[in-house]
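The structure presented is a predicted model; accordingly, all values stated were derived computationally and were not measured. Along the sequence shown, residues are numbered consecutively beginning with 1.
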Amino acid sequence: MIYLKTEEEIEKVRAASDLVSRTLGEVAKWIAPGVTTQKLDTIAREFICDNGGSPACLGYHGFPGTLCIEVNETVVHGFPSNYALREGDIVGTDCVVELNGYNGDSCYTFAVGEVDPKTLRLLEVTKESLYKGIAAAKAGKRIGDISNAVQTFCEKAGYSVVREMCGHGIGRSMHESPEVPNYGRRGIGPLLKPNMTICIEPMINLGSKNIVIERDGWQCRTKDRKPSAHFEHTILITEHEPEILTTFKYIEEALGISPEGAPVAEE
């Protein structure tokens, strides 16, 4: 069942989406060599709780963290730990916030210090593919149009698309129908209708698309151990253009970059 949201529900998803965006903006301030992923998780949890929200991932089917931590070859669902970030790492921070009974979901993959140019390019393409998918998310089109936009853009750039993990609807639950894959054919899948709230989240690999799920049943990495990148927005389908409910602006402000990637001018 795909739930179309009322205006009141949309405002609640919007508020939760703003809080998760601000949370990742706070996390961004701490991304540096030597910082443990557990420290990042603690910062996120405290920020969410201090602002009236709940960390939706914490305890979800036994998940041990506020953030899904994705270092280097980890695709999704990595556990916070005592691992200290190193120069040249990349780290994805996937976060879901519940606020007043509704959820917002976002992910950003950070470069830690000086990162290999090939890996930086993976981050750039994956982030851009997110916006390609969002641009295709128009009322009257279908989920497959989003999927195909992401897939064709990434594969044309020489990267592979994870098949087993996908985006999803969001609202009262962090995972609702429909599923939003990052690969597929145009014109297939559920019809996009105004007042749908969905999460689009490309998970793109530098090497093979094949993944391995660890024995804990959660942590997922690339089979060839090459880097994987992950970016995510919560969006609203409208009568016109899709509306992005989450934002990376707080992250960009923390990192000192403009939305176009240029340095922020000094006052």
Side-chain angles (χ1 to χ4, degrees), residues 17 20-21 24 70 75-76 90 92-94 104-111 117-170 178-194 196-209 211 222 226-252 255 257-262:
S17 296
V20 77
S21 301
L24 292 185
E70 303 157 1
V75 179
V76 287
I90 59 172
T93 55
D94 190 358
D105 191 355
S106 186
C107 182
Y108 195 94
T109 302
F110 296 92
K118 291 182 179 178
T119 304
L120 282 180
R121 180 61 181 155
L122 171 68
L123 299 189
E124 293 168 359
V125 169
T126 304
K127 185 179 179 183
E128 189 168 351
S129 77
L130 169 60
Y131 292 101
K132 297 291 185 183
I134 292 170
K138 296 181 180 179
K141 290 194 172 185
R142 294 187 177 271
I143 291 292
D145 293 292
I146 300 172
S147 307
N148 185 263
V150 172
Q151 180 184 11
T152 54
F153 182 76
C154 291
E155 290 183 347
K156 186 176 181 180
Y159 304 113
S160 61
V161 180
V162 172
R163 299 310 203 250
E164 294 84 350
M165 307 295 174
C166 62
H168 50 89
I170 192 168
E179 291 189 341
V180 186
N182 294 305
Y183 71 100
R185 292 187 292 116
R186 289 177 293 186
I188 66 169
L191 185 68
L192 297 171
K193 298 180 180 181
M196 287 174 62
T197 47
I198 63 173
C199 295
I200 300 175
E201 49 179 320
M203 289 155 274
I204 308 300
N205 297 346
L206 184 63
S208 164
K209 68 179 183 294
I211 64 169
T222 57
K226 292 184 178 180
S228 183
H230 181 193
F231 290 85
E232 177 180 12
H233 274 315
T234 298
I235 74 164
L236 169 68
I237 307 299
T238 77
E239 294 281 0
H240 306 290
E241 296 297 317
E243 181 183 350
I244 305 174
L245 300 181
T246 46
T247 178
F248 293 150
K249 71 178 182 180
Y250 303 112
I251 293 171
E252 291 159 350
L255 297 179
I257 60 174
S258 73
E260 295 75 31

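- Partners of Glu124 according to the salt bridge (charged side-chain N to carboxylate O under 4.0 Å, His left out) rule, which considers only residues two or more places apart in sequence or in another chain, are Arg121.
- With sequence neighbours excluded, the residues forming a side-chain contact (heavy atoms from CB on, under 4.5 Å) with Ala139 are Pro194, Ile237, listed by chain and number.
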For residues 156-163, which side-chain N or O atoms pair as donor and acceptor with protein atoms under 3.5 Å away, sequence neighbours left out?
unit_1 : atom_1 : unit_2 : atom_2 : d
Ser160 : OG     : Gly207 : O      : 2.6
Ser160 : OG     : Ser208 : O      : 3.3
Ser160 : OG     : Lys209 : N      : 3.1
Arg163 : NH1    : Val161 : O      : 2.9

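- The side chain to side chain donor-acceptor pair (under 3.5 Å) search around Asn182 returns none, not counting sequence neighbours.
- Each salt bridge (charged side-chain N to carboxylate O under 4.0 Å, His left out) pair with one or both residues in residues 135-151, not counting sequence neighbours, appears once here: Lys138-Glu241.
- Residues passing the side-chain contact (heavy atoms from CB on, under 4.5 Å) test with Ile188, sequence neighbours excluded: Arg185.
- At least one side-chain heavy atom of Ile200 sits under 4.5 Å from a side-chain heavy atom of Leu130.
- Partners of Asn148 under the side-chain contact (heavy atoms from CB on, under 4.5 Å) rule, at least two apart in sequence or in another chain, are Thr152, Arg186.
- Contacts of Ser17 classified as side chain to side chain donor-acceptor pair (under 3.5 Å), with partners at least two apart in sequence or in another chain: none.
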task: Check the pair Val75 / Glu164 against side chain to side chain contact (heavy atoms under 4.5 Å, CB included), numbers first and verdict last.
output: CA-CA 11 Å; Val75 179; Glu164 294 84 350; over 6 Å; no
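- Under the 3.5 Å distance criterion, the side-chain polar atoms of Thr234 are left unmatched by any main-chain donor or acceptor of Thr246.
- For Tyr108, the ring-ring contact (aromatic ring centres under 6.0 Å, His included) partners at least two apart in sequence or on another chain are Phe110, Phe231, Phe248.
- Remark: Glu179 engages no residue in a salt bridge (charged side-chain N to carboxylate O under 4.0 Å, His left out) (not counting sequence neighbours).
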- request: Go through the steps for Val76 and Glu70 under the test side chain to side chain contact (heavy atoms under 4.5 Å, CB included), then give the verdict.
  value: CA-CA 6 Å; Val76 287; Glu70 303 157 1; 4.0 Å; yes
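- Residues that satisfy the side chain to side chain donor-acceptor pair (under 3.5 Å) test with Ser147, not counting sequence neighbours, are absent from this structure.
- Looking at Thr109 and His230, their side chains never bring a donor and an acceptor atom within 3.5 Å of each other.
- With sequence neighbours excluded, the residues that form a side-chain contact (heavy atoms from CB on, under 4.5 Å) with Lys118 are Asp116.
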